[in-house]
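Read the structure below first, then the notes.
In each ligand, atom 1 is the first atom listed, and ligand 1 is the first ligand listed.
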Amino acid sequence: MDNIYYPFEAEVTDIKKETPTIKTFHFKLAKPVTFKAGQFMQLTVPGIGEAPFTPSSRPGEVQEMEITILKTGRVTDVLHNEVKVGDRLGLRGPFGKGYPIDKFIGKEILIIGGGVGLAPLRSLIYALFDRVDDLKKISICYGTKTTKDQCFKDEYDKWAAMPKTSLNLTIDVLCPDWEGTVGVVTCLLEKDRLDVDVRNSYTVSCGPQIMLKFVTIKLMEVGFKPEQIYLSMNRRMSCGVGKCGRCNIGPYYLCKDGPDLCYADIKDYPNVFD
Ligand SMILES: Cc1cc2nc3c(=O)[nH]c(=O)nc-3n(C[C@H](O)[C@H](O)[C@H](O)COP(=O)(O)OP(=O)(O)OC[C@H]3O[C@@H](n4cnc5c(N)ncnc54)[C@H](O)[C@@H]3O)c2cc1C
Ligand code: FES
């Protein structure tokens, strides 16, 4: 059996700049990896360290993987500033449970992303597109500070053209090149704008903690029940396998039971949005 602590080799085959602070790294994997949308990997930069990231690519592409990374600190700075095509990094995983896609069958799915939070959701979006015949509807809402911060821009037209799919974008502050909605992502969830059958839907959100908090409040306000709300809790982790105890909300270990958890399961614990 593979040692869960031992990374396998992943060669960087492409690096795409998405925004001034976000890049998508394309890897060729030394061994096939099957992951479910929402499961995460631990990425090692040799000599620097390891950090968790959820693949942004289509589950099912077992020899390759894309990971979309915000530059925020020690490991991610090196990834952005020093790692180049041809470099060999390490990956271990997948870890966690991933999104409960089978539960979504026959339902409308409302996807809500903020900033780099669209990265894990892109993998879910691909997985849902692969099963679009089994779904009622896919509504994607995405918010960023400005148009410069929008990830995966060149895919928006393709996503919006998919059957049963809508894409709604908003930016926090007005930009000269923007004629769309202005306001934080919750403005797309106002009752008069939301074209979703609330009783027959699930929602999945990924973004900064503060966004998750206010999205959850708004979702409840427009009629969603905690059982219909899934949150991607991408917090600090260490071992990734439920051993170190660094990632819990109540009895749930985000690395093992998440990182995508149903709000109904965690809502009564004090550190949900801390
Ligand atoms: C399951 C999971 C999936 C993730 N998926 C992605 C992804 O797809 N793309 C992506 O860009 N990031 C993702 N993250 C966040 C990513 O792991 C952190 O940004 C990364 O670990 C930072 O490492 P660093 O060494 O560069 O930063 P550090 O030097 O360790 O920290 C720099 C700053 O970033 C903050 N920070 C560190 N980790 C996190 C975190 N988990 N959440 C919020 N702030 C953090 C620190 O508090 C500090 O302010 C994910 C995290 C988890 C747990
Ligand atoms: S990261 Fe170690 S228990 Fe979750």
Side-chain angles (χ1 to χ4, degrees), residues 4-5 10 15-27 35-59 65-83 89-99 111 113-127 142 144 149-152 204-213 230-261 266 271-274:
I4 52 167
Y5 295 108
I15 302 174
K16 183 177 173 211
K17 187 169 176 177
E18 303 280 354
T19 78
T21 54
I22 299 173
K23 287 183 177 175
T24 295
F25 295 78
H26 191 111
F27 296 99
F35 72 92
K36 283 174 61 185
Q39 284 190 302
F40 69 96
M41 306 294 295
Q42 293 278 9
L43 175 65
T44 302
V45 182
I48 306 296
E50 187 182 61
F53 300 98
T54 307
S56 55
S57 49
R58 179 175 245 114
M65 183 177 285
E66 281 180 344
I67 299 183
T68 301
I69 297 175
L70 172 73
K71 183 175 184 299
T72 180
R74 215 164 59 90
V75 173
T76 54
D77 282 357
V78 173
L79 279 158
H80 272 252
N81 299 338
E82 293 175 33
V83 167
L89 308 185
L91 276 174
R92 56 189 188 95
F95 299 116
K97 287 214 166 113
Y99 300 109
I111 293 171
V116 76
L118 190 62
L121 294 173
R122 182 192 189 221
S123 167
L124 173 68
I125 289 167
Y126 286 145
Y142 180 45
T144 52
D149 304 302
Q150 290 171 326
C151 279
F152 315 124
V204 180
S205 307
C206 186
Q209 301 279 91
I210 188 78
M211 182 205 103
L212 294 184
K213 177 176 177 176
Y230 279 83
L231 303 171
S232 294
M233 312 298 282
N234 290 344
R235 296 191 177 173
R236 275 199 172 281
M237 288 184 185
S238 184
C239 69
V241 290
K243 304 268 189 227
C244 73
R246 284 192 62 182
C247 68
N248 74 303
I249 295 183
Y252 298 99
Y253 287 108
L254 294 176
C255 62
K256 198 161 58 77
D257 307 310
D260 317 297
L261 292 180
I266 55 175
N271 61 338
V272 176
F273 297 115
D274 292 347

inquiry  = Using a 3.5 Å cut-off on N or O atoms only, is Gly73 in polar contact with ligand 1?
reply    = yes

If we number the atoms of ligand 1 from 1 as shown, the ones under 4.0 Å from a heavy atom of Ala51 are 20 (C), 21 (O)

State whether the side chain of Ser123 and the backbone N or O of Ser57 hold a donor-acceptor pair below 3.5 Å, judged by distance alone.
yes

**Message:** Checking the side chain of Thr19 only, and the main-chain atoms of Thr21 only, is there a donor and an acceptor separated by less than 3.5 Å?
**Reply:** yes

key: Distance-only N or O hit between ligand 1 and Asp77, under 3.5 Å   = no

Taking every heavy atom of Met211 against every heavy atom of Cys206, the minimum-distance pair comes out as CE-O, 3.6 Å

Check: of Leu43, Asn234, Ile69, min heavy-atom distance to atom 1 (C) of ligand 1 comes from Asn234

Scanning both residues in full, the closest heavy-atom pair of Asn81 with Lys71 reads OD1-CE, 3.3 Å

Quick look: Phe40 vs ligand 1, heavy-atom contacts under 4.0 Å, and the answer is side chain

Atoms of type N, O or S from the protein that sit nearer than 2.8 Å to atom 2 (Fe) of ligand 2 number exactly 2

Side-chain donor-acceptor distances from residues 240-260 under 3.5 Å, at least two apart:
from, atom 1, to, atom 2, distance (Å)
Asn248, ND2, Gly250, O, 2.9
Asp257, OD2, Tyr253, N, 2.8
Asp260, OD1, Ser232, OG, 2.7

shortest atom 31 (O) of ligand 1-to-protein heavy-atom contact is with Arg236 NH2, 3.2 Å

Nearest non-hydrogen protein atom to atom 25 (O) of ligand 1, with distance, is Val75 N, 2.9 Å

The side chain to side chain contact (heavy atoms under 4.5 Å, CB included) partners of His26 (sequence neighbours excluded) come to Thr13, Asp14, Glu64, Glu66

One should read off an interatomic distance between Phe273 CZ and Leu231 CG, to the nearest 0.5 angstrom, of 5.5 Å

- Main-chain N/O of Ile69 paired with His80 side-chain donor or acceptor, under 3.5 Å: yes

Does Tyr99 use its side chain to pair, donor to acceptor, with the backbone of Gln39 at less than 3.5 Å? no

Restricting to heavy atoms, the pick from Thr21, Val45, Thr76 nearest atom 26 (O) of ligand 1 would be Thr76

So, does Tyr142 use its side chain to make a donor-acceptor pair with the main chain of Gln150 at under 3.5 Å?
no

- Would atom 33 (C) of ligand 1 count as contacted, meaning some protein heavy atom under 4.0 Å? yes

Note: Phe35 and Met65 closest approach over all heavy atoms is CD2-CE, 3.9 Å

A student checking ligand 1 against Met237 at a 4.0 Å heavy-atom cut-off should list atoms 1 (C), 53 (C)

Do any non-hydrogen protein atoms sit less than 4.0 Å from atom 49 (O) of ligand 1?
-> no

Honestly, for Thr68 the part within reach of ligand 1 (heavy atoms, under 4.0 Å) is backbone

Pro52, any N or O under 3.5 Å of ligand 1 N or O: yes

When distances are taken from atom 13 (C) of ligand 1, the protein heavy atom at minimum range is Phe53 CD2, 3.6 Å

Interatomic distance, CG@Leu124 vs CD1@Ile111, rounded to 0.5 Å, equals 4.5 Å

dist Cys151:SG -> Leu118:CG (nearest 0.5 Å) comes out at 6.0 Å

Closest to atom 19 (O) of ligand 1 among protein heavy atoms sits Thr72 CG2, 3.2 Å

- Message: For atom 21 (O) of ligand 1, is there a protein heavy atom at a distance under 4.0 Å?
- Response: yes

For Gly49 and Val75 the tightest heavy-atom approach is C-CG2, 3.9 Å

Kindly indicate, with the supporting measurements, whether the criterion side-chain contact (heavy atoms from CB on, under 4.5 Å) is fulfilled by Ile266 and Met233. CA-CA 11 Å; Ile266 55 175; Met233 312 298 282; 4.3 Å; yes

Smallest heavy-atom separation, Gln209 atom then Val272 atom, equals NE2-O, 4.0 Å

shortest atom 53 (C) of ligand 1-to-protein heavy-atom contact is with Arg235 O, 2.5 Å

For Phe95, the ring-ring contact (aromatic ring centres under 6.0 Å, His included) test, sequence neighbours excluded, returns Phe40

Within the 4.0 Å heavy-atom cut-off, what Leu70 brings close to ligand 1 is both

So for Arg74 against ligand 1, with non-hydrogen atoms under 4.0 Å, the contacting part is both

The closest protein heavy-atom partner of atom 5 (N) of ligand 1 is Thr54 N, 3.2 Å

For Val116, the atoms of ligand 1 under 4.0 Å from one of its heavy atoms are 11 (O)

### Message
Checking the N or O distance criterion of under 3.5 Å, is ligand 1 in contact with Ala119?
### Response
no

